[in-house]
Amino acid sequence: MPLRRPCPSKRTVVGGGILALFVLGALLAPWLAPYDPWRFGARPLESPGGGHWLGTNDIGQDIASELIWGSRTSLAIGFGAAALAVTIGAIIGILAGFRRGIVDEVLMGLTDLVLVIPTFFLAILIMVYIEPRLWVSVVLLGGMLWPGTARVVRSQVLSARESGFVEAARALGAGDLAIMVRHIFPQVIPMVVAKFVLTVAAAMLMDMSLGFLGLFDPTTKSWGMMMHYAFARGGFVNGLWWWFIPPGAAVALVIFALLLVAQGIEGKADPRLERLWRR
Amino acid sequence: MEKRRALINALISKLLRYSLVLFIILSLNFFLPRLLPGDPVMNLLGLEASYAPPEVIESLEADLGLDRPLPAQYWHYLGDVFTGDWGYSFEQRRPVFEAVMVHLRWTVILALPAILLGALVAAVLGAVAGWRRRSPLDVGLSGAFLAFYSIPPFLLAMFALWVFGFKLGWFPLGKVHSGNTAGLAYLADVIWHMALPLAVLTVSKASYDFLVVRNAVVATIGENFILTARGKGLSELAVLFRHALPNALAPLVTVTAIQLGVIFAGTALIEIVFSWPGMGTLIYGAIGARDYPLIQYAFFIIAASMLLANFVADIVYAWLDPRIR
């Protein structure tokens with residue numbers, strides 16, 4: 001079924017613009033970053049200016065270069081984890097809503113279980129035991145952040161399966177799998193996209209918070225790693241704002257942009273919400 | 001009567017589900033250190049234990065009973081959990097149970113007022129903003145709270161401490177008290193230390209609640225019961241606070257329960273910034289020292305309180321629902 005393509009709301013455009021800048025910065029890191037973020041050639045704890053426009057950290061690494069290279073890791077974890085979470089959520093939601101009965105009960109029971117587990121602290125517990133790597137964060141966060149999507153998708157599928165075209169497809173002899181993939185899935189795409197965007201924000205916030213606690217992949221620069229060292233190695237208590245503000249401000253700006261985009265899409269996906277948010 | 005019975009059944013099934021989650025978490029705590037790579041003794045005692053004299057480690061190993069079969073260990077472990085025999089924390093240099101309970105108290109002292117205050121602020125401001133949808137007040141408040149919601153709580157805390165603590169010197173730079181005070185002076189001292197972290201936590205809590213209440217109030221605007229209330233000749237304020245807002249409170253309760261995980265996580269990070277001796281600070285120290293038992297039981301106690309809060313929210317929600325009451 002072809003999707004209507006309404007013009008995107010102002011929120012989506014503004015949020016999408018900010019996001020595009022960050023993604024572009026991450027992709028162009030090798031050309032944008034003035035220095036190798038690991039090189040400690042400069043004088044440590046230099047304030048901004050004089051070749052280092054965000055100064056240097058405690059071991060003389062250029063903070064601006066760290067910030068640009070770090071965006072790659074932080075964005076990759078956010079988008080990767082969200083992609084995994086939304087895939088799991090969509091599959092569970094569609095299966096539960098379409099099959100109903102015992103399948104629905106088992107899957108939704110599982111969803112409700114995961115929903116009340118304190119995910120942030122479970123992530124801490126697991127990450128102190130295993131060596132944190134980028135893919136570990138993706139799998140761990142993706143494996144925990146899916147229940148919201150599963151619930152929304154299920155409720156949409158419940159109403160979609162009652163519509164005439166599903167019955168028509170069935171009458172034409174289409175199998176369950178074909179109906180789910182070709183007729184039900186397109187119905188839930190807008191909601192899944194909105195949930196994906198929100199999950200990216202949730203995953204990035206959680207990754208940042210874990211990083212702040214010292215649970216980050218030590219082999220790759222990330223905003224969480226920068227934040228941790230800025231706090232743990234005296235950047236904060238000495239008021240070196242150019243060390244602890246940039247990674248925090250960057251993640252806040254990305255999350256803000258993601259929320260704007262999500263609100264725009266949700267408005268389109270659910271006409272009731274559109275009334276609330278469109279201006 | 002019929003509805004009341006259905007409600008009680010629903011609450012019982014929730015209670016069963018929460019118990020199951022608690023059981024899963026307890027089992028995770030049991031199996032993770034035993035099955036994950038690394039020396040299970042160190043996984044169970046924490047890395048700092050390796051600096052302890054060998055005879056101490058030997059006696060602790062004997063205590064753990066790792067040579068016994070897993071089911072027997074598991075049974076023994078469950079007994080230990082419920083009798084408060086949680087082992088010894090090398091990082092805190094005291095029993096885990098004691099360390100967790102002391103820190104839990106300070107977290108509750110900080111988080112509970114913040115949750116209530118945040119919900120109250122959000123209910124009032126969200127109601128006013130939703131009622132005057134698209135007014136400059138609504139646009140301003142919605143924008144501000146959306147921005148606050150985007151900022152990681154620990155960053156908000158660092159920023160507040162930097163400006164109001166370091167730069168302006170209005171508030172202390174951390175800890176719960178300055179020492180050498182007693183009685184009322186001690187209480188005033190604690191409140192002074194608490195002001196800034198409480199403010200940050202309240203704002204970060206209120207930011208999401210605000211969006212929920214605002215949208216719920218907006219959704220009531222066209223409803224019949226609002227038109228009826230207006231028709232009765234009630235003032236605008238009376239319609240809003242007696243009819244529109246109560247309808248928006250049920251989602252606030254649900255969201256508060258779901259957000260508890262977030263508020264605990266947010267509180268933990270804010271505590272670290274302000275050196276507030278709560279669970280967050282405890283966990284931060286434990287991560288640095290890889291003090292596994294401390295992290296495990298902190299996780300357990302946080303999960304248990306979250307589940308309890310969820311259950312209380314279920315009861316409050318049922319009580320708020322006019323169809324059941």
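Values below: every heavy atom of this structure, side chains too, minus hydrogens, waters and symmetry copies. In the text below, chain A, chain B and the rest are named by the order of the sequence lines, each starting its count at 1.
- Looking at B:Ile151, the atoms closer than 4.5 Å to chain A (heavy atoms on both sides) sit in the backbone and in the side chain alike.
- At a 4.5 Å heavy-atom cutoff, the contact between B:Arg17 and chain A is made by backbone and side-chain atoms alike.
- Under the 30°/60° scheme for interplanar angles, the aromatic rings of B:Tyr292 and A:Tyr129 are found to lie parallel.
- Both the backbone and the side chain of A:Leu113 come within contact range of chain B, judged by heavy atoms closer than 4.5 Å.
- Here CD1 of B:Ile25 is found 10.0 Å from CG of A:Leu125. Values are rounded to the nearest 0.5 Å.
- Contact between B:Tyr284 and A:His228 at its shortest, heavy atoms only, is OH-CE1, 4.0 Å.
- Heavy atoms of A:Ala201 lying under 4.5 Å from chain B are absent altogether.
- Proximity to chain A involves both the backbone and the side chain of B:Ile272, based on heavy atoms less than 4.5 angstrom apart.
- Between B:Leu146 and A:Arg11, the closest heavy-atom pair is CD2-NH1, 4.2 Å.
- Dense packing is recorded around CZ of A:Phe196, with more than 12 heavy atoms of other residues, nucleotides or ligands lying under 6.0 Å away.
- Only the side chain of A:Leu260 comes within contact range of chain B, with heavy atoms under 4.5 Å apart.
- Remark: B:Phe154 CZ to A:Phe231 CZ distance equals 10.0 Å, nearest 0.5 Å.
- With a 6.0 Å radius and a threshold of 12 heavy atoms from other residues, nucleotides or ligands, B:Phe30 has its CZ atom above the threshold.
- Interface check for chain B: of the options A:Thr119, A:Leu253, A:Leu122, A:Val254, the most heavy-atom pairs under 4.5 Å are formed by A:Leu122.
- Within the 4.5 angstrom heavy-atom criterion, only side-chain atoms of A:Met227, from C-beta onward, approach chain B.
- Side-chain atoms of A:Phe212 and B:Met158, non-hydrogen and from C-beta on, do get closer than 4.5 Å to each other.
- Looking only at side-chain heavy atoms (C-beta outward), B:Leu28 and A:Ile126 stay at 4.5 Å or farther from each other.
- Neither the backbone nor the side chain of A:Leu258 comes within less than 4.5 Å of any heavy atom of chain B.
- For B:Leu269, the parts sitting under 4.5 Å from any heavy atom of chain A are the backbone and the side chain alike.
- What you find for B:Leu155 and A:Ala249 is that their closest heavy atoms are CD2-N, 3.8 Å.
- Distance CD1/A:Ile124 to CD1/B:Ile295: 8.0 Å, rounded to 0.5 Å.
- Chosen from A:Ala257, A:Pro247, A:Gly214, A:Ala252, the residue pairing most often with chain B at heavy-atom distances under 4.5 Å is A:Ala252.
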Requested in this report: Mind running side-chain contact (heavy atoms from CB on, under 4.5 Å) on B:Met306 and A:Val116 for me, showing each step along the way?
Outcome: CA-CA 8 Å; B:Met306 264 178 71; A:Val116 289; 5.9 Å; no
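- With chain B as the partner, the residue from A:Leu259, A:Ile255, A:Val128 showing the most heavy-atom pairs under 4.5 Å is A:Val128.
- With values rounded to the nearest 0.5 angstrom, A:Phe236 atom CZ is found 10.5 Å from B:Phe159 atom CZ.
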